[in-house]
Amino acid sequence: MNILIIGAGIVGLSIAKALLDHGHKVSVIEKETKVGVHASGRNSGVLHSGIYYPKDTLKAKFCQTGRPLFQEYCKKKKIQIDNCGKVLVTKNEKEIDSLNLLYERGVENNLLINKLTVTELGRISPLAKTIDSALWVPETSVFNPTQLLQSLTDEIESHDFGSLFFQEAFVEVVSETKIKTTTMELNYDVLINCAGGYADKIAHKFNLAKELVLIPFKGIYKKLNPGLANQIHHHIYPVPDLENPFLGVHFTKSMNKDVYVGPTAIPAFGPENYGLFENIGWEGANILAKDAILFLLNKKFRRVALSEPKRYVPQFFYNEAKKLLKGLTASDLYPSQKIGIRPQLVNWKTKELEMDFKIIKHGNQIHILNAISPAFTCCFAFSKYIISEYLN
């Protein structure tokens, strides 16, 4: 079978590898000059446990089955993983109930998880702060996303039936079995749309999922003073607002021992609006209008819109961060070039945020419209699911 994949992010690349392993001919088109220019390459590299997600969601299922597949692949390819674990802490007494709910979800999802007292937290992670209790989640790791992306790219390009075309963006639909790209027309038996922040627009070109729209959010990080970073041996996360997809400001270890603090989750004015006025274009006004409508009609979105943008102000950002870490001063938060865009899927009919992965199949097309975090953790399980449920 001749399969065409749009987008060489982690989802597109891992699906391509799985399809090649099953004997299919696979072509991947990518509008950039290399892989990892956008969301996948700007990822924090956290291998998640799946503790946040209800048991019956695809995210929970794929985290549970995907983590060992991910670990196995990295071991085979000699991609280093730091199994550092993470602690989940509370910033106030109101979050204790949410912490207990997360503990119950962890148990339901068959995770190794421990509830900690303040004293026990001090033994595991001495700098972490909490109110009343915390959770220790050892099945959380960190890896280098660029190494994984490059490994998958190498596998595809070296395979006899694999092709990866860079600087080839989707332009238009020619027929049910052909699309036009920047410089070519490509035929396919099956098309898989893995275009990240542009996946909704491509689905709309096929007259599908018109009610589903991706709204971009910008995540900005700070870098922690190396002296403090060297004393942090685990990720430190707050209890998130479980009704929204953002996890709040947290401390994330990286493979090079740096610790990043963030992100914010402020509305962006385009899928590539990394700088203040970068890549806005005509679409910025349209996104701003959608943000305004969601603010008026969706209480959950309004809560995010009122709380998150304040963290763009250094003092507010620091105020959030110091609730998680003992001895933190504002001067410990260094400027960082780490910025990411997270496209969040919204059902425009209901004005509700889609919290799980969203896959739409129509004829010989498969559109993956909400492949957001924890997409790296889930990628190999996600790929198996696509093949077993949509291609057999």
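The first residue in the sequence is number 1, and the count goes up from there. This is a predicted model, so every value here is computed, not measured.
- In terms of hydrophobic clustering, with Ile, Leu, Val, Met, Phe, Trp and Tyr side chains grouped at heavy-atom distances under 4.5 Å, Val11 and Phe357 are assigned to a common cluster.
- Other residues, nucleotides and ligands contribute more than 12 heavy atoms inside 6.0 Å of the NZ atom of Lys323.
- For Lys75, the NZ atom counts as loosely surrounded, since its 6.0 Å shell holds 12 or fewer non-hydrogen atoms of other residues, nucleotides or ligands.
- At a threshold of 4.0 Å, the pair Lys31-Glu272 counts as salt-bridged, since one of the basic side-chain nitrogens sits closer than that to a carboxylate oxygen.
- A 6.0 Å sphere centred on CD of Glu172 holds more than 12 heavy atoms belonging to other residues, nucleotides or ligands.
- In this pair, Phe380 and Tyr73 present their aromatic rings tilted. The plane angle is within the 30 to 60° band.
- Judged by distance alone, the side chain of Ser27 and the main-chain N or O of Ser163 form no donor-acceptor pair under 3.5 Å.
- The aromatic rings of Phe161 and His159 lie tilted to each other, with the angle between the two planes from 30° to 60°.
- A salt bridge links Glu185 and Lys178; the closest N-O separation between the charged side-chain nitrogens and carboxylate oxygens is under 4.0 Å.
- Taking the six-membered ring for Trp, Phe70 and Phe143 have ring centres closer than 6.0 Å.
- More than 12 heavy atoms of other residues, nucleotides or ligands sit less than 6.0 Å from atom CD of Glu120.
- No more than 12 heavy atoms of other residues, nucleotides or ligands lie within 6.0 Å of CD in Glu72, so this atom counts as exposed by the packing criterion.
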